[in-house]
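Written below as structure tokens is the structure these notes are about.
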Amino acid sequence: MSNLDTADKLFFGGDALTLSGAQGQLTRALDGADDGELFLEYAVSESFAWDDGRLRAASSDTAQGFGLRAIADEATGYAHASELSDAALKRAADTVCAVTRGHKGTLALPPSGTNRALYGTVNPLAEVAFETKTGLLADIDAYLRAKDPRVRQVMVSLAGEWRVVEILRADGNRVADVRPLVRLNIQVMVADGDKQETGSHGTGGREGYTRFIEAGNWRKGADEALRQALVKLDAVPAPAGEMEVVLGPGWPGILLHEAVGHGLEGDFNRKKTSVFSGLMGERVAAPGVTVIDDGTLADRRGSLTIDDEGTPTSATTLIENGILVGYMQDRMNARLMGVKATGNGRRQDFAHRPMPRMTNTYMLNGGHDKDEILSSVKKGLYAVNFGGGQVDITSGKFVFSASEAYLVENGKLGPAVKGATLIGNGADALKRITMVGNDMALDPGIGTCGKDGQGVPVGVGQPTLKIGALTVGGTAA
């Protein structure tokens with residue numbers, strides 16, 4: 001993030017939208033408001049898709065625009081446009097003024113500044129040649145087909161974006177951020193007789209393409225996707241019933257994100273629609289369970305130097321040793337709840353208003369080794385990877401499908417199973433955690449979180465952990 005000079009020019013607005021014009025319309029729009037800002041954005045992106053031995057799609061896109069927001073108490077006026085001009089901003093100001101009519105608020109102070117840089121400013125689209133990117137997809141396909149004769153199909157996607165945001169406030173405060181983002185995803189289908197299975201692996205982060213095109217790195221991802229697919233070929237139907245469940249480190253933290261994380265966002269708790277509403281300072285998880293939301297991790301997919309309101313991100317402790325100690329807050333909900341904004345005000349793009357959202361949400365290490373945890377299981381399930389799932393924020397109830405899981409009996413790892421789903425309640429599951437491992441890992445950089453129709457990149461993580469009892473839905477007869 002940088003503080004910008006006072007020349008009559010916005011960071012990327014061109015001549016049609018001037019700083020003086022923007023400042024004047026913003027001041028008018030926020031007259032009598034409690035808070036608000038002008039959010040400007042310029043984004044370039046590209047994606048490549050490989051399937052059936054050839055490049056199936058290649059696309060590029062450029063988008064720019066602004067979002068103007070005025071807040072009066074709990075009411076929000078929001079207008080946006082892809083036209084960056086003084087005239088378009090005037091029309092937007094005319095619209096959002098309606099929310100402040102008759103309201104005599106005092107504008108909140110701007111966020112504090114920061115000089116840190118959590119990621120570089122490299123533009124992935126300009127970093128390497130088109131042929132290098134498409135060649136990477138072809139190399140992955142050839143590698144996997146040569147690796148095992150059971151490979152029938154290879155699907156690879158590569159995507160990159162370079163996003164510049166600038167936030168202007170009525171008092172003249174200006175901040176900007178340059179945000180790269182890359183993701184590589186590999187999916188492979190294998191067949192043995194009449195059995196077919198798929199495996200996948202993805203990786204990404206706020207950086208350029210360099211790390212992803214290095215052969216030593218993408219081969220590890222290709223090997224992992226193939227390993228998952230081959231494991232499933234020999235999987236047996238999953239049992240059903242209540243049993244002990246061990247969750248692996250890293251990506252299984254998606255269950256923590258969905259079943260618990262959303263319930264700790266400020267807006268749900270201010271409106272008292274979360275299962276965690278009104279429980280600040282009370283025990284909501286087993287002793288030893290500490291959950292953090294941290295947007296300050298360098299180069300991580302869910303990290304931001306500043307959030308989409310201009311607030312520097314932070315490492316926010318949500319649950320400490322089982323006790324609820326914090327919520328994730330944007331500026332509006334923090335003001336209405338009388339607490340400090342935590343840098344969790346996020347939006348999908350300029351056409352959307354910000355709201356409290358997670359960044360990188362994870363559970364801290366405990367004191368147990370993975371082998372110790374598994375050896376304690378008399379009869380249960382070891383879930384290593386997850387696919388899709390559904391969560392009800394109000395009740396905390398969830399259903400998640402395990403894409404890779406194993407039976408555990410008398411402390412011994414058994415065969416892989418297919419068709420296993422985990423069913424439960426997030427708040428209840430937190431209290432049933434009996435052992436927390438010492439092998440905390442973050443996911444490889446693939447998460448996207450949806451809320452109110454908006455998707456934003458996020459990260460998850462956790463160590464191996466044991467839940468004493470959880471309902472497993474299975475397919476065994």
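Numbers here simply count residues along the sequence, with the first being 1.
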Distance-only donor-acceptor check, side chains Asp86 and Thr18, under 3.5 Å: yes
Any luck finding a side-chain donor-acceptor pair between Glu83 and Ser85 under 3.5 Å? yes
In short, salt bridge (charged side-chain N to carboxylate O under 4.0 Å, His left out) pairs touching residues 212-223 with sequence neighbours left out are Lys147-Asp223
What pairs of donor and acceptor atoms, side-chain ones from residues 152-159 against any protein atom, are under 3.5 angstrom apart with sequence neighbours left out?
residue : atom : partner : partner atom : Å
Arg152  : NH1  : Pro149  : O            : 2.8
Arg152  : NH1  : Arg150  : O            : 3.4
Gln153  : NE2  : Asp51   : OD1          : 2.8

Going by atom types only, do Asp293 and Thr316 share a side-chain donor-acceptor pair under 3.5 Å? no
With sequence neighbours excluded, give me every ring pair (Phe, Tyr, Trp, His ring centres under 6.0 Å) pair touching residues 92-135. Phe48-Phe130
Non-neighbouring partners of Arg300 that pass salt bridge (charged side-chain N to carboxylate O under 4.0 Å, His left out), sequence neighbours left out: Asp443
Give every residue pair that meets the salt bridge (charged side-chain N to carboxylate O under 4.0 Å, His left out) criterion with at least one member in residues 336-364, sequence neighbours excluded. Glu37-Arg347
For Ser395, all residues meeting side-chain contact (heavy atoms from CB on, under 4.5 Å), sequence neighbours excluded: Asp392, Lys397
Looking only at the side chains, is there a donor atom on one of Ser47 and Ser59 sitting less than 3.5 Å from an acceptor on the other? yes
Salt bridge (charged side-chain N to carboxylate O under 4.0 Å, His left out) filter on Asp61, not counting sequence neighbours, yields none
Of all residues at least two apart in sequence or in a different chain, which pass the salt bridge (charged side-chain N to carboxylate O under 4.0 Å, His left out) check with Glu127? none
What residues form a salt bridge (charged side-chain N to carboxylate O under 4.0 Å, His left out) with Asp267, not counting sequence neighbours? Lys451
Which pairs pass ring pair (Phe, Tyr, Trp, His ring centres under 6.0 Å) with one or both residues in residues 253-276, sequence neighbours excluded? His257-His262
Spell out, as yes or no, whether a donor-acceptor pair under 3.5 Å connects the side chain of Asn365 to the backbone of Asp439. yes
Please list, chain by chain and in numerical order, all residues satisfying ring-ring contact (aromatic ring centres under 6.0 Å, His included) with Tyr209, sequence neighbours excluded. none
Passing option when Tyr362 is tested against Leu297, Val460, Thr290 for side chain to side chain contact (heavy atoms under 4.5 Å, CB included): Leu297
Looking only at side-chain N and O atoms, does Ser277 offer a donor or acceptor that is under 3.5 Å from a partner on Arg270? no
Which residue pairs pass the salt bridge (charged side-chain N to carboxylate O under 4.0 Å, His left out) test when at least one of the two sits in residues 128-142, sequence neighbours left out? Glu46-Lys133, Asp141-Arg145
